Amino acid sequence: MRISNVVSVALLLFSGSLATAQDQLDVFGYFQVNFSRRTENQEISTALFKNQTGKSFNSFSVQQANIFLRKNVNSDLTAWLNLELKNSYSSERNWGAYNLEEAWIKYKNHNSLNIKVGLLIPKFNNLNEVKNRTPYLPYIFRPLVYESSISELLNIGDYIPERAYGQVYGSVSMSGGWFDYAAFVGNSESEYINDQATLTGQTGIDTTDFVTLGARMGMRLGKIKFGISGTLDRDNQTEVGLGDVKRTRIGTDLSLSLAGFTFEGEYIHVGHSVDSPNISLDKQFYYGTLGYDFTEHLFGYVTYNYIEDDFTPQARDGIDAYYVGAGIRPIDSVVIKAQFIYIGAKTSSLPPNEVIPMTWDFDLTAKQISLATSVFF
Amino acid sequence: MLLVMLITAAKANSQVAVIGNKSISEKSLSVETVREIYTLNKQQWANGSKITVFNLRQKDDTKKRLYKILGRNSSELRKLWIRYQLTGEGEAPLAASTEQEMLDKVTATQGAIGYLSMEKVTPAVNVLFIIE
């Protein structure tokens with residue numbers, strides 16, 4: 001179905017009861033256009049060969065565009081649709097992707113009880129829910145596990161729950177602050193979702209009897225927010241003969257602001273129950289961003305990321321990433337951003353294992369300068 | 001007597017009133033409740049009706065004084081409001097360009113809350129809280 005048809009159908013569905021609704025249909029969204037210049041150097045060497053490659057490129061792109069439809073069905077119910085187009089989407093040219101990111105209805109009777117049903121982005125740590133909200137984020141290139149453009153190198157779905165289908169959450173006022181809680185349920189990871197119509201006649205459905213269960217608990221005390229999150233699900237490792245591996249994600253997050261400075265940080269550990277003692281699939285990630293508001297309209301920040309993945313050769317000894325960025329808001333609805341990133345990964349003399357029976361060295365460096373404009377409308 | 005009148009007039013000139021639409025059942029608010037409304041933690045009045053929040057677009061003394069009792073600067077509030085707006089968890093305050101527009105919009109919108117200088121308040125709205 002063409003995108004214009006999809007948007008039209010969505011508008012029709014959401015506006016169908018305009019005559020009787022208590023509230024109007026709100027349509028709003030944002031897009032981010034960027035220019036990036038990236039330089040990469042990679043060296044792989046083993047006892048048998050050495051391969052050195054380097055490349056640099058620069059490109060303009062519409063990194064992302066989102067359209068939201070929101071309707072307050074009545075004082076307790078809100079319907080929400082989020083349509084997302086990525087990487088200069090064009091079906092004619094096979095560029096980018098067009099996704100139905102969210103489609104949910106929320107029941108809210110009080111702060112302490114909200115129930116969301118439908119396709120949603122679950123509450124996990126601080127950034128997951130807003131990782132694609134470019135006008136909100138200072139970044140152009142986001143913290144590594146939230147950056148979809150490096151999905152060829154790292155499967156970000158291994159670190160964070162990307163989707164759920166039901167969530168109960170709320171905030172309870174406590175002395176001087178708020179206690180936040182959330183619990184969600186969804187399909188197992190994307191690798192289990194059917195993408196071949198010939199198998200069952202329907203794509204986009206989970207073909208297993210697994211589910212993802214997750215939760216977050218946290219506190220907000222003035223300008224300090226912190227929490228702990230976790231999920232239980234399965235990791236599809238059937239291609240490498242490990243089967244459906246039990247997986248546990250544990251995350252913590254901390255955000256605070258003080259005297260013009262802001263700090264945001266997260267830690268995620270992904271543990272797996274693998275039968276083979278020689279193989280580990282465990283991963284960990286953390287980042288910290290220190291920001292400063294120079295004026296009401298001008299901000300800057302520095303970020304450090306670290307990611308480690310026992311099963312991905314390039315990330316076994318860790319990948320470090322450093323960001324320096326700044327932005328200006330000439331008006332409330334426009335943010336102009338600039339960012340420099342440096343990513344380095346070095347793995348030396350890896351011992352052979354069942355999967356890669358050869359010792360080898362790997363060295364990767366990438367530098368990127370980006371400029372972007374994020375527009376909220 | 002003249003001195004008392006002058007002091008009273010000067011005080012009224014420097015006060016900021018948090019005002020509400022006549023439909024609101026609450027007749028006064030605490031500073032904590034004003035804070036919760038402007039940080040979008042509270043989105044419904046006691047009778048369950050929706051709170052529509054208005055904010056002055058331009059930066060002036062009236063706005064500064066409200067933000068001071070909220071305990072947040074404009075960058076922090078903007079970030080908070082964008083997060084609520086873009087996650088579907090709330091609606092960012094609607095903008096009013098002038099205090100007269102603020103008065104007109106709060107008067108005309110059911111469940112609305114806003115703020116303006118005390119001397120510009122009319123009987124068309126309720127004063128819910130006074131910032132001295």
Side-chain angles (χ1 to χ4, degrees), chain A residues 22-23 26 28-30 66 68-70 72 74-76 78-82 102 104-106 108-111 114 116 120-121 123 126 129-130 132-138 169 171 173 176 178 220 222-223 255 257 259-260 262 291-299 329 331-333 335 376, chain B residues 23-25 30-33 35-60 63-64 67-97 109-112:
Chain A
Q22 288 185 1
D23 215 335
D26 294 323
F28 56 98
Y30 60 85
N66 286 61
F68 298 103
L69 307 177
R70 180 188 60 206
N72 296 322
N74 61 33
S75 59
D76 296 332
T78 303
W80 176 266
L81 204 62
N82 173 7
E102 294 170 272
W104 48 253
I105 188 158
K106 179 178 74 172
K108 177 176 185 168
N109 186 259
H110 192 264
N111 275 350
N114 295 263
K116 259 187 199 177
L120 58 97
I121 301 169
K123 290 183 184 290
N126 176 51
E129 212 181 7
V130 288
N132 288 338
R133 275 39 174 183
T134 58
Y136 172 79
L137 301 173
Y169 63 103
S171 302
S173 180
W178 292 84
R220 280 177 287 143
K223 297 179 184 178
S255 314
S257 61
T262 55
Y292 185 70
D293 293 322
F294 296 102
T295 70
E296 189 181 335
H297 303 286
L298 181 66
F299 62 86
R329 291 179 190 273
I331 54 173
D332 274 357
S333 53
V335 194
F376 179 36
Chain B
S23 64
I24 299 166
S25 54
S30 65
V31 65
E32 288 79 19
T33 307
R35 206 173 281 147
E36 285 183 6
I37 290 172
Y38 270 88
T39 53
L40 306 185
N41 280 319
K42 182 177 171 68
Q43 298 178 16
Q44 290 172 319
W45 296 111
N47 64 6
S49 63
K50 179 183 152 189
I51 302 177
T52 302
V53 185
F54 284 95
N55 185 38
L56 283 172
R57 184 172 276 129
Q58 85 281 9
K59 192 176 178 180
D60 64 6
K63 186 171 175 175
K64 264 192 222 169
Y67 282 21
K68 194 175 175 185
I69 68 148
L70 299 180
R72 311 244 178 183
N73 64 36
S74 53
S75 301
E76 290 166 348
L77 283 168
R78 188 195 298 114
K79 204 173 172 189
L80 191 74
W81 293 337
I82 290 177
R83 185 174 179 126
Y84 271 89
Q85 177 90 10
L86 295 181
T87 52
E89 297 299 339
E91 294 172 32
L94 301 170
S97 298
T109 310
Q110 283 221 335

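Just so it is clear, the values below take in all heavy atoms, side chains as well, and ignore hydrogens, waters and symmetry mates. Everything quoted here is computed from the prediction, not taken from an experiment.
- By number of non-hydrogen pairs under 4.5 angstrom with chain A, the leading residue of Arg83(B), Arg35(B), Lys50(B) is Arg83(B).
- The residue among Thr87(B), Asn73(B), Ile82(B) with the most heavy atom pairs within less than 4.5 Å of chain A is Thr87(B).
- Options His110(A), Lys223(A), Lys116(A), Glu129(A) differ in how many heavy-atom pairs under 4.5 Å they form with chain B, and the most are formed by Lys223(A).
- Other residues, nucleotides and ligands place no more than 12 heavy atoms under 6.0 Å from the CD atom of Gln110(B).
- Side-chain contact between Arg78(B) and Asp332(A) is present, with heavy atoms from C-beta onward closer than 4.5 Å.
- One finds a salt bridge joining Lys106(A) and Glu89(B) here, because a Lys/Arg side-chain nitrogen approaches an Asp/Glu carboxylate oxygen to under 4.0 Å.
- The two residues Ser75(A) and Gly48(B) have their closest heavy-atom pair at CB-O, 3.8 Å.
- Among the candidates Arg57(B), Glu91(B), Glu36(B), the residue making the largest number of heavy-atom pairs closer than 4.5 Å to chain A is Glu91(B).
- Atom NE2 of His297(A) and atom OG of Ser74(B) lie 7.0 Å apart (nearest 0.5 Å).
- Looking at Tyr30(A), only its side chain comes within 4.5 Å of chain B, counting heavy atoms on both sides.
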Inset, instruction - Might you work through the side-chain contact (heavy atoms from CB on, under 4.5 Å) test for Arg220(A) and Asn41(B), ending with a clear yes or no? - result: CA-CA 11 Å; Arg220(A) 280 177 287 143; Asn41(B) 280 319; 2.9 Å; yes
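- Residues Glu76(B) and Thr262(A) form no side-chain contact, since every pair of their non-hydrogen atoms from C-beta on lies 4.5 Å or further apart.
- How far CZ of Arg72(B) is from OG of Ser257(A): 6.5 Å, rounded to the nearest 0.5 Å.
- Defined by atom type and a distance below 3.5 Å, a donor-acceptor pair is missing between the side-chain atoms of Asn109(A) and Gln44(B).
- The closest side-chain heavy-atom distance from Leu86(B) to Pro135(A) is below 4.5 Å.
- A heavy-atom distance below 4.5 Å is not found between the side chains of Tyr136(A) and Gln85(B).
- A donor-acceptor contact closer than 3.5 angstrom is absent between the side chains of Glu296(A) and Ser75(B).
- By number of non-hydrogen pairs under 4.5 angstrom with chain A, the leading residue of Lys42(B), Glu32(B), Lys59(B) is Lys59(B).
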